[in-house]
Amino acid sequence: MEVLSSRILIRPRDPEAAWAFYGGTLGLAISREFPGGIVYFLGTGYLEVSGRTSEGPIGPDALWVQVRDVAAAESELRAAGVTVTRETRTEPWGLRECWIADPDGRAIVLVEIPPDHPIRKDLRPR
């Protein structure tokens, strides 16, 4: 299988609130719009917010979003009224994380990778 492109699709309970959150509050740039949906740039991927759901609770899945400064992002988002579900902290695996929720309660993990973290280094033998 050769993957050429990918995107994450979410179905919000209230599309207008979701679009305001992802495009306005988070400031994600729009890749394309179509009747009933918006596709946002999400770093090197895409996030499509389209359709509508009224079914059941939001599952345990989360969006993982890397940012340059997680503490600054948390402060900015708190000021904008975003629900912070876990304050910024350094996790045992060395990443600095802050967890927030979208209007439906979907988890979004904001991640800062410290300069000395193994993710930033090529650990393959030379």
Side-chain angles (χ1 to χ4, degrees):
M1 177 175 85
E2 181 181 9
V3 177
L4 301 178
S5 181
S6 65
R7 71 174 67 159
I8 297 165
L9 284 81
I10 61 172
R11 304 287 185 242
R13 291 187 177 103
D14 180 347
E16 290 79 17
W19 298 330
F21 177 78
Y22 287 101
T25 305
L26 296 187
L28 300 182
I30 294 173
S31 169
R32 70 181 284 255
E33 296 178 83
F34 54 90
I38 300 176
V39 178
Y40 298 96
F41 288 105
L42 191 61
T44 57
Y46 298 94
L47 174 67
E48 180 178 320
V49 182
S50 64
R52 178 186 298 267
T53 188
S54 59
E55 299 175 15
I58 297 300
D61 301 332
L63 298 176
W64 192 92
V65 179
Q66 183 182 349
V67 297
R68 290 189 192 281
D69 183 334
V70 72
E74 177 186 354
S75 178
E76 177 183 330
L77 293 171
R78 276 186 187 279
V82 172
T83 300
V84 174
T85 58
R86 187 187 319 171
E87 295 181 348
T88 297
R89 66 182 183 212
T90 302
E91 298 293 350
W93 44 89
L95 298 177
R96 294 188 38 78
E97 295 184 4
C98 172
W99 288 48
I100 63 172
D102 80 355
D104 287 328
R106 183 174 289 103
I108 301 172
V109 183
L110 304 177
V111 179
E112 177 185 337
I113 303 172
D116 61 342
H117 195 278
I119 288 176
R120 289 192 182 255
K121 306 211 180 292
D122 184 352
L123 300 177
R124 295 175 291 184
R126 298 198 189 264

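We're numbering straight along the sequence, starting at 1. All figures in this text were calculated on a predicted structure; none of them were measured in a lab.
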- In Å, rounded to the nearest 0.5 Å, how long is the span from OG of Ser31 to CG of Leu42? 11.0 Å

- Task: Would you give the length of the straight line joining atom CD of Glu97 to atom CZ of Arg89, rounded to the nearest 0.5 angstrom?
- Result: 8.0 Å

- Message: For residues Leu95 and Trp99: do they belong to one hydrophobic cluster (side chain heavy atoms under 4.5 Å, members Ile, Leu, Val, Met, Phe, Trp, Tyr)?
- Response: yes

- Item | Results of ring-ring contact (aromatic ring centres under 6.0 Å, His included) for Tyr40 - residues two or more places apart only | none

- Note on the structure: d(Arg86 CZ, Leu110 CG) to nearest 0.5 Å is 11.5 Å

- Task: Answer whether the closest heavy-atom distance between the side chains of Ile100 and Val65 falls below 4.5 Å.
- Result: no

- Rounded to the nearest 0.5 Å, what's the gap from CG on Leu28 to OG1 on Thr25? Could you check? 10.0 Å

- Item | Rounded distance (nearest 0.5 Å) linking atom CG of Asp69 with atom CZ of Arg96 | 8.0 Å

- Should Ile30 and Tyr46 be counted in the same cluster of Ile, Leu, Val, Met, Phe, Trp and Tyr side chains packed under 4.5 Å apart? no

- Task: Specify the closest pair of heavy atoms between Arg11 and Glu48, including all atoms of both residues, with the distance to one decimal.
- Result: NH1-OE2, 4.0 Å

- Query: In terms of hydrophobic clustering (I, L, V, M, F, W, Y; side-chain heavy atoms under 4.5 Å; direct or indirect links), are Ile8 and Leu26 co-clustered?
  - Reply: yes

- Query: Do you know which two heavy atoms are closest between Ala18 and Pro12, and how far apart they sit?
  - Reply: CB-CB, 3.6 Å

- Query: Under 3.5 Å, is there a donor-acceptor pair between the side chain of Arg7 and the main chain of Leu47?
  - Reply: no

- Query: Do the side chain of His117 and the main chain of Trp93 share a donor and acceptor less than 3.5 angstrom apart?
  - Reply: yes

- Quick one: does Asp102's side chain get under 4.5 Å of Ile10's, heavy atoms only? yes

- Message: Tell me the closest heavy-atom pair linking Ala101 and Phe21, and the distance in Å.
- Response: O-CZ, 3.8 Å

- Chi angles and distances behind the side chain to side chain contact (heavy atoms under 4.5 Å, CB included) call for Thr53, Asp104: CA-CA 10 Å; Thr53 188; Asp104 287 328; 5.7 Å; no

- Message: Please determine whether residues Val39 and Leu63 belong to a single hydrophobic cluster, defined as Ile, Leu, Val, Met, Phe, Trp and Tyr linked transitively by side-chain heavy-atom distances below 4.5 Å.
- Response: no

- Item | Residue pair Phe34 / Ser50: nearest heavy atoms and the distance that separates them | CZ-CB, 3.9 Å

- Can you tell me how far CD of Glu33 sits from CH2 of Trp19, rounded to the nearest 0.5 angstrom? 9.0 Å

- Determine the minimum heavy-atom distance between Pro15 and Gly51, stating which atoms define it. CG-O, 3.3 Å

Enumerate, atom names and distances included, each donor-acceptor pair closer than 3.5 Å involving a side-chain atom of residues 70-82, sequence neighbours excluded.
unit_1	atom_1	unit_2	atom_2	d
Glu74	OE1	Thr88	N	3.0
Glu74	OE1	Thr88	OG1	2.5
Glu74	OE2	Arg78	NE	2.9
Glu74	OE2	Arg78	NH2	3.1
Arg78	NH2	Glu87	OE2	3.4

